[in-house]
Structure formats: C-alpha cells, structure tokens
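As structure tokens, the structure follows; a few thoughts come after it.
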Amino acid sequence: MNDFTFWSPTRFVFGRGVTDRVGEELAKLGYKNVLIVYGGGSVVRCGTLDRVKASLDAAGISHVELGGVRPNPEVSSVRAGIELAREHDVDLILPVGGGSTMDAAKAIALGTRYDGDVWDFYAKRAVPQDRIPVACVVTIPASGSEASDSAVISNDELHLKSGCNTDLNRPVAAFMDPELTFTLPPYQTAAGITDMISHIMERFFSGAPAVPVTDNIACGMIRAVMDAAGRVMEDPNDYDARANIMWVGTLAHNGLAGIGLKTPGAGRDGDWSCHGLEHELSAFDTSITHGAGLAVIFPAWMRYVWREHPERFLEFGGQVFGIEPIDPAIDDLSEIDEEITPERAIEDAVEATIDELQDFFVSLGMPRTLGELGITADDIDTLLAGLKINKGERFGTFRTLTLDDARAIYESAL
C-alpha cells in the first residue's frame, strides 16, 4: 500500500425530507447570508428550490440567487456569481442541483476570495489560497462533487474544459435526499451511474499495485451500483435503489476508493486519462453529457492499455463480473477447437471483462461509439489541441500516453 492522506470534512445529512432541514442545519453551523446557485430546470419545476428557500427563511437565513447555470458550467456564470457574492457579502455558497451546479459554486467560492480572474485557477496560473464555504443540496447523483476536492468548468471562448483540485473545494455540508432523484430521466440516471463507476475505475486502474482493502471497497461499490441500476430502471421510485446509487456517487469521488493506490509522484489518486479524454468531448460540444462520453471512452482506453498491467484487469473482472481466465490444467476444453495458452486465456478474460462493462453501459442507454455523440474523425484534431493544453503531451499513470496514443483511442471509439 502506498502512502496516503485522507481527509473528508463534509457533514452528510442523508434521508427522506432533509431538503426541508437545510436552513435549520445551516443555522446550527452559524451561516446567515447565502448565495443560492442553481440551473433553473428540474429544481424549479419540482419545487425543490422553493423548499430550500422556505427552509432558509424559516431559519432566518437571508439569501440571493444565481440561476441559469448550464450543464458543463461556463466561466461567465461563475464570474457573475462572484460579483453577486461580493456585492451581498455572503458567508456561504449553496448550490441546489447536480455536478455542474456544484462545480460552478465551488469556482465562485474560490474566485470571490481572489483578486485576479477565477479562470487563473483552471489555467494553472494560480493556486487557490482561500474560499467562501460551500454546502450542497444534491439532486443528481453522479459527479460526487458534494464531497470531492475537484471542480470542472468550461471556457467557451477558449473551447476548453478544465479542472481545479484543492481541498478548499470540499463542501462543509451535503444534503442528500434520494426522493429528489425519483423524477430523473433514465438517460440522466444512467449517465450518473456511468460517471460514478468511472470515478472508481480511474483510481482502481492507477498503475499502483493491488491494495486488498481498497480494491474490495471499490469493486463492492461497483457491484452495488450495478445492482441498484437494474432495479431503478424497472422502478424509478425504488427508494433503497436510489439511496444506494446516491451514496455510491459520493463515496466514489471523496478519495475513499483510492486510498493506497496513488502512484508516487502522480499528484492525484488515480490515472484520470479517461476523464481528460472525455472533457475534450464535452468542451467541443457542451450538449454531450459527461457520463455518456465516459461510457464510450473508458472501454476504448481499456482495450488500448490493458497489457501494461493485465493483473489489475483480471482482479477487476473477477471481483465485478466473476470472470476468471480458463485454466487448461483443470477446465474442460472439450468444446473448444483451438489451443488455449495461458497468454490467450488472460487475453480472453480481459476482453470479456471489457465487453461486460461496455454492454452494461449500453444496457442503460449509454452510447457505444463517438459517432452516436456526433463526433467524427474530422473533429479529432480539435480534441487533441485542447487535450494538449489541459493534459500536456504525455499523461497518465497506468500507462503513459502521448497525443498519438490519444488519437488512436479516439479513432478506435468512432
């Protein structure tokens, strides 16, 4: 097990009806004047925003609002939020929504306490030193932003999507009511499940040796969310399934699934090549849902790199799907016409594992190819230009990739 530092300062308030306790809980923590950040879609239509505001009013907490934050939040809305936060001298940023809203709120929290432009943090020109606290009302389980150190925003002018990782991003509180997710469209539910599984796999496939405790936690979470996914697709109002999905989404990205797997010198607990490759897709076309892009990219990356550390894929396949390599010494091969060598047995098991994973994503309604997302071969040069800015010419810890490798992965996913 490699050395690690694990810190999770977020207070989780989880269960039915906690949306109506937001004001009460924040008052206990001493907050008096908050900026509410939201997108303007379902949180308005379903009454969630009104419930949050009513709870704040009942607790005597004043509030101002920034609405209209889009998926793949753009830096212009962050800048508008910074102006509001400064003008009203708020002491807390309160996003109500999913990952995009939470990430925008985190950027506002950092930018409000910074004299320069907030994009400096995402362009790696500056390191955050301070922030206004953030508390989250989670309506879409996917990003895990309610407990993570990360936030990702877009800059349409530069055609870039970039992240900023700092423990200052970790929210002080997260309010998580699974009942708020009953009305999520199946596609959004599926994209969220894909995203949280990807967060776990980025860490599992870090290039570090096995860590049995963490590996079992990681694979157990994936099995749990896969089971819940099937149940919730049949019955969107299955509370226990929704609750399991929501909690896995949080644990998938708060660092727990990467303890001891951080590659020395890597700087983060995971590989994150697939997230980097996908971010270019949703920067190129902001209508592409992050989880949908990952459903295509992750299997393509896996097929390209697995030979670097096949033992990790065998562990993953065995724990998640029960796939084990054929052993010619003990297995009945009477129905197999060709010779099975140990090398061939490993390759078959790994390929079966990747196929099972991709078939699961597709069974939820996720795309199999980039073409289904509207990406063509002509777009790859644009994707690589952004990737070079955000990830550099060499990146990845499971296997170091070049931009030529990235091109090959994109092409294989078309």
Side-chain angles (χ1 to χ4, degrees), residues 70-79 99-100 103-104 107 111 116-127 143 150-165 191 194-195 198-199 202 205 266-268 270-305 308 367-414:
R70 72 173 199 201
N72 297 306
E74 215 277 327
V75 68
S76 60
S77 62
V78 172
R79 291 168 178 148
S100 294
D103 283 5
D117 180 52
V118 67
W119 185 253
D120 290 346
F121 299 137
Y122 295 84
K124 310 301 185 285
R125 291 191 293 261
V127 176
S143 70
S150 63
V152 179
I153 62 172
S154 296
N155 188 320
D156 288 356
E157 181 182 359
L158 301 177
H159 300 287
L160 292 176
K161 182 176 178 180
S162 185
C164 173
N165 292 83
T194 303
D195 193 11
S198 297
H199 287 155
E202 291 280 18
F205 298 108
R268 290 194 66 189
D271 180 272
W272 301 103
S273 293
C274 291
H275 270 69
L277 290 163
E278 194 294 316
H279 284 163
E280 301 313 319
L281 301 178
S282 43
F284 178 80
D285 180 355
T286 58
S287 70
I288 293 176
T289 303
H290 179 52
L294 286 168
V296 177
I297 290 296
F298 231 114
W301 174 85
M302 293 170 112
R303 296 185 202 281
Y304 194 82
V305 306
E308 196 74 17
R368 189 180 292 274
T369 68
L370 292 180
E372 294 173 60
L373 296 172
I375 300 296
T376 71
D378 292 339
D379 300 324
I380 292 178
D381 283 342
T382 302
L383 300 177
L384 292 174
L387 188 66
K388 181 177 180 180
I389 293 172
N390 281 316
K391 300 291 286 187
E393 296 192 4
R394 298 176 69 84
F395 57 93
T397 59
F398 187 87
R399 170 181 162 179
T400 301
L401 300 178
T402 66
L403 294 177
D404 286 339
D405 293 322
R407 180 184 296 278
I409 292 170
Y410 281 136
E411 288 176 346
S412 72
L414 290 170

Are there more than 12 heavy atoms of other residues, nucleotides or ligands under 6.0 Å from atom CD of E411?
yes
I'd like to check the side chain to side chain donor-acceptor pair (under 3.5 Å) partners of R303; sequence neighbours left out, ordered by chain and number.
E351, D355, Q358
Working to the nearest 0.5 Å, report the span between NZ of K388 and CG of L383.
15.0 Å
Point-to-point distance, once rounded to the nearest 0.5 Å, from OG1 of T289 to CG of L294
10.5 Å
Are F205 and V305 packed together at the side-chain level, in the sense that at least one heavy-atom pair is separated by less than 4.5 angstrom?
no
Show your reasoning for whether side-chain contact (heavy atoms from CB on, under 4.5 Å) applies to Y410 and L384.
CA-CA 9 Å; Y410 281 136; L384 292 174; 4.0 Å; yes
What one should report as the nearest heavy-atom pair of I375 and L414 is O-CD2, 3.7 Å
Suppose we call two aromatic rings close when their centres sit under 6.0 Å apart. Are F298 and W301 close by that rule?
yes
Measuring from I297:CD1 to H279:NE2, what's the distance to the nearest 0.5 Å?
11.5 Å
4.5 Å side-chain heavy-atom contact, D285 and D379
no
How are the rings of H290 and H199 set relative to one another: parallel (under 30°), tilted (30 to 60°) or perpendicular (over 60°)?
tilted
Show the nearest heavy-atom pair for residues V78 and A107, with the distance to one decimal.
CG1-CB, 3.6 Å
Can you find a pair of side-chain heavy atoms, one from R70 and one from S77, that are under 4.5 Å apart?
no
L373 side, atom CG; F284 side, atom CZ - distance, nearest 0.5 Å:
11.5 Å
Pairwise side-chain contact, D156 with T286, heavy-atom cut-off 4.5 Å (strictly under):
yes
What's the shortest heavy-atom distance between L403 and G392, and which atoms?
CD2-O, 3.9 Å
Between L401 and R394, is there a side-chain heavy-atom distance shorter than 4.5 Å?
no
Looking at R79 and D117, is there a salt bridge between them, counting it only when a charged N and a carboxylate O are closer than 4.0 Å?
yes
Nearest heavy-atom neighbours spanning G276 and K391:
CA-CD, 4.2 Å
How long is the gap from CD on E278 to CG on L370, to the nearest 0.5 Å?
9.5 Å
Above 12 or not: heavy atoms from other molecules or residues under 6.0 Å from NZ of K124?
yes
Among all residues two or more places apart in sequence or in another chain, which pass the side chain to side chain donor-acceptor pair (under 3.5 Å) test with N390?
S162, E280
For S412, side chain to side chain donor-acceptor pair (under 3.5 Å) partners two or more places apart
none
T402 and D405 side chains, donor-acceptor separation under 3.5 Å:
yes
Candidate pair I389 and L158, rule side-chain contact (heavy atoms from CB on, under 4.5 Å), full reasoning:
CA-CA 11 Å; I389 293 172; L158 301 177; over 6 Å; no
Evaluate side-chain hydrogen bond (donor to acceptor under 3.5 Å, both in side chains) for D378 paired with T376, printing each intermediate quantity in order.
CA-CA 5 Å; D378 292 339; T376 71; 4.5 Å; no
Closest non-hydrogen atom pair between P73 and V152, with its separation
CG-O, 3.8 Å
State the CG-CD1 distance between D404 and I409, to the nearest 0.5 angstrom.
11.0 Å
Go through the side-chain N and O atoms of D103 and S100 and say whether any donor and acceptor fall under 3.5 Å apart.
no
Exercise: identify the closest heavy-atom pair between T397 and G270:
OG1-O, 3.6 Å
For the backbone of E202 and the side chain of D271, can you confirm whether one donor and one acceptor N or O come within less than 3.5 Å of each other?
no
Describe, in one word, how the ring planes of Y122 and W119 are oriented to each other, choosing from parallel (under 30°), tilted (30 to 60°) and perpendicular (over 60°).
parallel
Step-by-step side-chain contact (heavy atoms from CB on, under 4.5 Å) determination, E74 to N155:
CA-CA 6 Å; E74 215 277 327; N155 188 320; 4.3 Å; yes
